[in-house]
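Structure record follows, encoded as structure tokens.
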Amino acid sequence: MILCHISDSARYASMSAGLAMAIDWLQAHIDDDFIPGRYAIGDTPAGEVFVKVEDTALIPREKASLESHRRYIDIHVPLKSTETIGWAPTSGLKHSRQPYDESGDIEFFGDPAHSLLHIKVGQMAVFFPSDAHAPNIGLGRHRKLCIKIPV
């Protein structure tokens with residue numbers, strides 16, 4: 001897991017071509033007006049890098065489930081307000097709430113988060129397949145980007 005300011009994110013671009021593409025796109029477009037939806041960023045040998053612009057309700061911490069992905073790295077970028085996300089290492093989770101769904105590339109867990117991250121506007125959090133995360137914790141609504149990078 002990586003938590004950093006978007007302006008410092010280029011230091012992580014060498015980790016993969018998809019991550020480099022996503023970081024370049026994010027730095028070039030962070031000041032855009034985003035309309036909710038799914039948008040292509042580009043293609044890598046592993047597949048398409050894309051972004052989902054979400055305008056979603058926040059949920060209480062006790063209702064937030066950890067999720068993990070096997071085929072994608074997620075970059076979460078809050079646009080309007082701080083987003084709290086729970087985190088735990090996927091390898092230590094023992095209570096699958098919903099078995100892995102290959103078509104949606106997601107598994108949900110009943111285990112509690114080990115840590116809470118408070119991601120501020122201007123920051124981004126990168127979650128690898130080894131990082132389970134419980135997004136959208138809080139009160140009210142918020143707008144965010146979720147960039148999906150195939151591995």
Side-chain angles (χ1 to χ4, degrees), residues 1-59 64-91 93 97-109 113-151:
M1 190 274 309
I2 297 168
L3 175 62
C4 69
H5 197 277
I6 294 166
S7 63
D8 295 328
S9 61
R11 72 180 70 196
Y12 303 105
S14 64
M15 295 177 77
S16 79
L19 192 55
M21 182 183 297
I23 289 169
D24 287 347
W25 179 89
L26 181 58
Q27 289 183 340
H29 294 277
I30 192 59
D31 292 324
D32 290 2
D33 291 326
F34 294 102
I35 297 170
R38 182 187 187 279
Y39 304 93
I41 292 175
D43 290 312
T44 69
E48 180 186 43
V49 177
F50 63 94
V51 61
K52 296 187 302 182
V53 180
E54 302 173 353
D55 185 359
T56 188
L58 297 170
I59 58 175
S65 294
L66 288 166
E67 62 183 58
S68 70
H69 312 289
R70 297 180 187 173
R71 294 191 329 255
Y72 287 93
I73 296 168
D74 277 5
I75 301 178
H76 291 252
V77 182
L79 298 173
K80 298 287 183 188
S81 61
T82 298
E83 178 182 11
T84 299
I85 298 179
W87 174 87
T90 304
S91 62
L93 300 178
R97 181 175 282 168
Q98 177 184 322
Y100 180 69
D101 172 13
E102 189 171 342
S103 66
D105 185 44
I106 195 162
E107 181 173 1
F108 290 98
F109 296 90
H114 290 202
S115 307
L116 290 177
L117 305 169
H118 304 288
I119 307 158
K120 300 176 190 235
V121 173
Q123 295 180 321
M124 61 183 239
V126 182
F127 298 98
F128 297 91
S130 59
D131 300 309
H133 50 287
N136 304 321
I137 297 172
L139 298 171
R141 296 189 67 79
H142 78 134
R143 181 167 286 183
K144 69 185 276 185
L145 305 176
C146 182
I147 302 172
K148 306 290 278 185
I149 304 161
V151 293

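Nothing fancy with the numbering, it's 1 onward along the sequence.
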Atom pair [atom1] ([X]) and [atom2] ([Y]), whose distance is rounded to the nearest 0.5 Å:
{"X": "D33", "Y": "I35", "atom1": "CG", "atom2": "CD1", "value": "8.0 Å"}
{"X": "K52", "Y": "F34", "atom1": "NZ", "atom2": "CZ", "value": "15.0 Å"}
{"X": "R97", "Y": "F108", "atom1": "CZ", "atom2": "CZ", "value": "9.5 Å"}
{"X": "F127", "Y": "I2", "atom1": "CZ", "atom2": "CD1", "value": "10.5 Å"}
{"X": "H133", "Y": "L117", "atom1": "NE2", "atom2": "CG", "value": "11.0 Å"}

Does the pair I119 and K144 meet the rule for a side-chain contact (heavy atoms from CB on, under 4.5 Å), with working shown?
CA-CA 11 Å; I119 307 158; K144 69 185 276 185; over 6 Å; no
So does [X] pair up with [Y], basic N to acidic O under 4.0 Å?
{"X": "R143", "Y": "E54", "value": "no"}
{"X": "E102", "Y": "R70", "value": "no"}
{"X": "D55", "Y": "R141", "value": "yes"}

Smallest separation among heavy atoms of [X] and [Y], with atom names:
{"X": "A46", "Y": "P150", "value": "O-CB, 3.6 Å"}
{"X": "H142", "Y": "N136", "value": "NE2-OD1, 2.9 Å"}
{"X": "P78", "Y": "K120", "value": "CG-O, 3.5 Å"}
{"X": "I23", "Y": "M124", "value": "CG1-CE, 4.3 Å"}
{"X": "D131", "Y": "M1", "value": "OD2-N, 3.0 Å"}
{"X": "R71", "Y": "D105", "value": "N-OD1, 3.0 Å"}

Is a side-chain donor-acceptor pair under 3.5 Å present for T82 with H118?
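H118 vs T82: no donor-acceptor pair found between side chains.
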Does a donor on one side chain and an acceptor on the other come within less than 3.5 Å for H29 and D32?
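Indeed, the side chains of H29 and D32 share at least one donor-acceptor pair under 3.5 Å.
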Could you walk me through whether W25 and V51 pass the side-chain contact (heavy atoms from CB on, under 4.5 Å) test, one step at a time?
CA-CA 10 Å; W25 179 89; V51 61; 3.9 Å; yes
Report yes if some heavy atom in the side chain of [X] is under 4.5 Å from a heavy atom in the side chain of [Y]; otherwise report no.
{"X": "I30", "Y": "L79", "result": "yes"}
{"X": "V126", "Y": "Y12", "result": "no"}
{"X": "I75", "Y": "I149", "result": "yes"}
{"X": "I85", "Y": "H76", "result": "yes"}
{"X": "H69", "Y": "D74", "result": "yes"}
{"X": "L145", "Y": "V53", "result": "yes"}
{"X": "F109", "Y": "S68", "result": "yes"}
{"X": "V151", "Y": "P129", "result": "yes"}

Set out, in order, the CA-CA distance, both residues' side-chain angles and the distance that settles side-chain contact (heavy atoms from CB on, under 4.5 Å) for I137 and L58, then state yes or no.
CA-CA 5 Å; I137 297 172; L58 297 170; over 6 Å; no
Is there a donor-acceptor pair under 3.5 Å between the side chain of Q123 and the backbone N or O of L3?
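No, because the side chain of Q123 does not come within donor-acceptor range (under 3.5 Å) of the backbone of L3.
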Quick check against the 3.5 Å criterion: does T44 have a side-chain atom that pairs as donor or acceptor with the backbone of G18?
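A pair under 3.5 Å: no.
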May I ask you to decide if the ring planes of H114 and W87 are parallel, tilted or perpendicular, using 30° and 60° as cut-offs?
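Ring orientation of H114 relative to W87: perpendicular.
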Give a yes/no verdict on a cation-pi contact between R38 and F50, requiring under 6.0 Å between NZ or CZ and the six-membered ring centre and an angle within 45° of the axis.
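Because its charged atom sits under 6.0 Å from the ring centre and within 45° of the axis, R38 does stack over F50.
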I would like to know whether I73 and K148 meet side-chain contact (heavy atoms from CB on, under 4.5 Å); could you show each step before the answer?
CA-CA 6 Å; I73 296 168; K148 306 290 278 185; over 6 Å; no
